[in-house]
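Okay, structure first, notes after.
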Amino acid sequence: FTSLRISSLNRHVKIHSDEKPHVCHLCLKAFRTATLLRNHVNAHTGTRPYKCSDCDMAFVTSGELARHRRYKHTLEKPFKCSICKYSSVEASKLKRHIRSHTGERPYACYLCSYASKDTCKLKRHMITHSGEKPYECYVCQARFTQSGTMKIHILQKHGENVPKYQCPHCSTFIARKSDLGVHLRNLHSYMAVAVKCSYCEAAFHERYALTQHKKTHRNEKRFRCDQCSYACKQ
DNA sequence: AATCACTAGCGCCCCCTGCTGGC
DNA sequence: GCCAGCAGGGGGCGCTAGTGATT
């Protein structure tokens, strides 16, 4: 460490000792400086001296306020990705983002082969091993592994006037957007090899068209005796 | 020496999205 | 088709630690 001022050096030298003379009277945690202790005690008591001039939020430190203002008001994002257009308020967010380009997964699960790009995802993954279901539906007390899963449960099961998604090709209504995706893939995607109807010579490149076609055979007497002219529907 | 603003860095929790597989 | 499990990408805040500048 080097510094222009002797006072900065004197202060710096102290970080190499364990000396932390300022102790919180509420939790006994110790700090190197009075300012750190004051911020810590303010966090205990909910004292937030730094008020945002554009909304109701308030913070313990000026740094927290500055960050909040970037997120909510100035929208300034100083950390730019060199590969794509992404930018972020915080350096750590850019770091996390860049892993989506590099594929780097530094956080490995010690119970399986999974590895994550950030610590939170690993933490979320770990509950798949514990079997824990931390989220409870306030209406029916059903339990869930992720908050988002619970949220969609509450919407679908207990919500009113829940919108449904209509298939653009066949007028089927489906509750979940992702299930519409499954529907489109399974029934409306183009199949390179046409599938033949099991009752006639017709062939289709789309599974939905095939099932619709098969319905036209419903009232036919499809099952014929090969010894005589007998035929029946079933 | 005390105090301020500022940066850096860890963590926590949430959101939305979309796929999977059992029913 | 409905449903819960589960992973990817990302937003926003809580808090601590250290440094430069000023009082």
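FYI, side chains are in, hydrogens and waters are out, and symmetry mates aren't considered; it's all heavy atoms of this structure. Chain identifiers are assigned alphabetically (A, B, ...) following the order of the sequence lines, protein sequences preceding nucleic acid strands; residue numbering begins at 1 within each chain.
Residue A:Met57 is classed as a sugar-phosphate contact, given heavy-atom separations below 4.0 Å to backbone atoms only. Within the nucleic acid shown, A:Thr119 comes within 4.0 Å of sugar-phosphate atoms alone, with no base atom in reach, counting heavy atoms only. As judged by a 4.0 angstrom heavy-atom cut-off over every strand, A:Ser88 is placed among residues making no nucleic acid contact. Backbone-only engagement by A:Tyr50 is indicated by non-hydrogen atom pairs under 4.0 Å involving sugar-phosphate atoms exclusively. Contact annotation for A:Phe144: backbone-only contact, meaning every heavy-atom pair under 4.0 Å involves sugar-phosphate atoms and none involves a base.
A:Lys133 places its NZ atom 4 Å from the P atom of C:dG5, with the value rounded to the nearest Å. We find that NE2 of A:His188 is positioned 13 Å from C1' of C:dG1, with the value rounded to whole Å. With rounding to whole Å, A:Met126 atom CE is found 14 Å from B:dC12 atom P. Atom pair A:Leu94:CG and B:dT7:P shows a separation of 16 Å (rounding to whole Å applied). Taking atom CD1 of residue A:Ile152 and atom P of nucleotide C:dC6, one finds them 17 Å apart after rounding to whole Å. Summarising the geometry, the separation between NE2 on A:His22 and C1' on B:dA1 is reported as 11 Å, rounded to the nearest angstrom. As a whole-Å value, the separation of A:Glu136 CD from C:dA4 P is 14 Å. Atom CZ of A:Arg99 is separated from atom C1' of C:dG9 by 13 Å (rounded to the nearest Å).
In terms of heavy atoms, A:Arg143 sits closest to A:Pro134 at NH2-O, 3.6 Å.
Residue A:His183 places at least one side-chain N or O closer than 4.0 Å to OP1 or OP2 of C:dG1. Checking the phosphate oxygens (OP1, OP2) of C:dC3, a side-chain nitrogen or oxygen of A:Arg176 falls inside 4.0 Å. A:Lys93 has no side-chain polar atom (N or O) that falls below the 4.0 Å cut-off from OP1 or OP2 of C:dG12. For A:Arg38, a side-chain nitrogen or oxygen approaches OP1 or OP2 of B:dC4 to under 4.0 Å. Considering only side-chain N and O atoms, A:Arg5 lies under 4.0 angstrom from the phosphate OP1 or OP2 of C:dA21. Regarding contacts with the backbone of C:dG8, a side-chain N or O of A:Tyr114 is found under 4.0 angstrom from either OP1 or OP2. Between A:Lys72 and C:dG12 there is a side-chain N or O to OP1 or OP2 distance below 4.0 Å.
Separation of the A:His213 and A:Phe204 ring centroids falls under the 6.0 Å cut-off. Side-chain rings of A:His158 and A:His153 approach one another, their centers coming within less than 6.0 Å. Aromatic rings from A:His125 and A:Tyr114 are positioned such that their centres are separated by under 6.0 Å.
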Give the B/S/- string for nucleotides 14-23 of chain B, one per nucleotide from 5' to 3', where a protein heavy atom under 4.0 Å of the base yields B, of only the sugar-phosphate yields S, and otherwise -.
SSS-SBB---

N/O-N/O pairs, protein side and nucleotides 15-19 of chain C side, under 3.5 Å:
unit_1: C:dT16; atom_1: OP1; unit_2: A:His40; atom_2: ND1; d: 2.6
unit_1: C:dG18; atom_1: OP2; unit_2: A:Arg32; atom_2: NE; d: 3.1
unit_1: C:dT19; atom_1: OP1; unit_2: A:His12; atom_2: ND1; d: 2.9
unit_1: C:dT19; atom_1: OP2; unit_2: A:His12; atom_2: ND1; d: 3.3

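When each of A:His12, A:Lys14, A:Glu19 is paired with A:His16, the side-chain contact (heavy atoms from CB on, under 4.5 Å) condition holds for A:His12 and for no other.
Residue pairs meeting the salt bridge (Lys or Arg N to Asp or Glu O under 4.0 Å) criterion with at least one member in residues 147-169 of chain A: none, sequence neighbours excluded.
Comparing C:dA7, B:dC6, B:dT7 by their closest approach to the side chain of A:Ser62 singles out B:dC6. Here the side chain of A:Tyr86 is nearest to one of C:dC2, C:dG11, C:dC13, namely C:dG11. Each of C:dC13, C:dC2, B:dA8 was ranked by its minimum atom distance to the side chain of A:Phe79; first place goes to B:dA8.
When the shell of 6.0 Å around CZ of A:Phe1 is examined, it contains more than 12 heavy atoms from other residues, nucleotides or ligands.
Looking only at atom types and distance, the side chain of A:Tyr71 has no donor-acceptor partner in the side chain of A:Glu76 under 3.5 Å away. Neither side chain, A:Thr35 nor A:Thr33, offers a donor N or O lying under 3.5 Å from an acceptor on the other.
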Does A:His22 form a ring-ring contact (aromatic ring centres under 6.0 Å, His included) with A:Phe31? I'd like the steps, not just the answer.
CA-CA 5 Å; A:His22 303 88; A:Phe31 298 88; 8.9 Å; no

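One finds a salt bridge joining A:Arg69 and A:Asp54 here, because a Lys/Arg side-chain nitrogen approaches an Asp/Glu carboxylate oxygen to under 4.0 Å.
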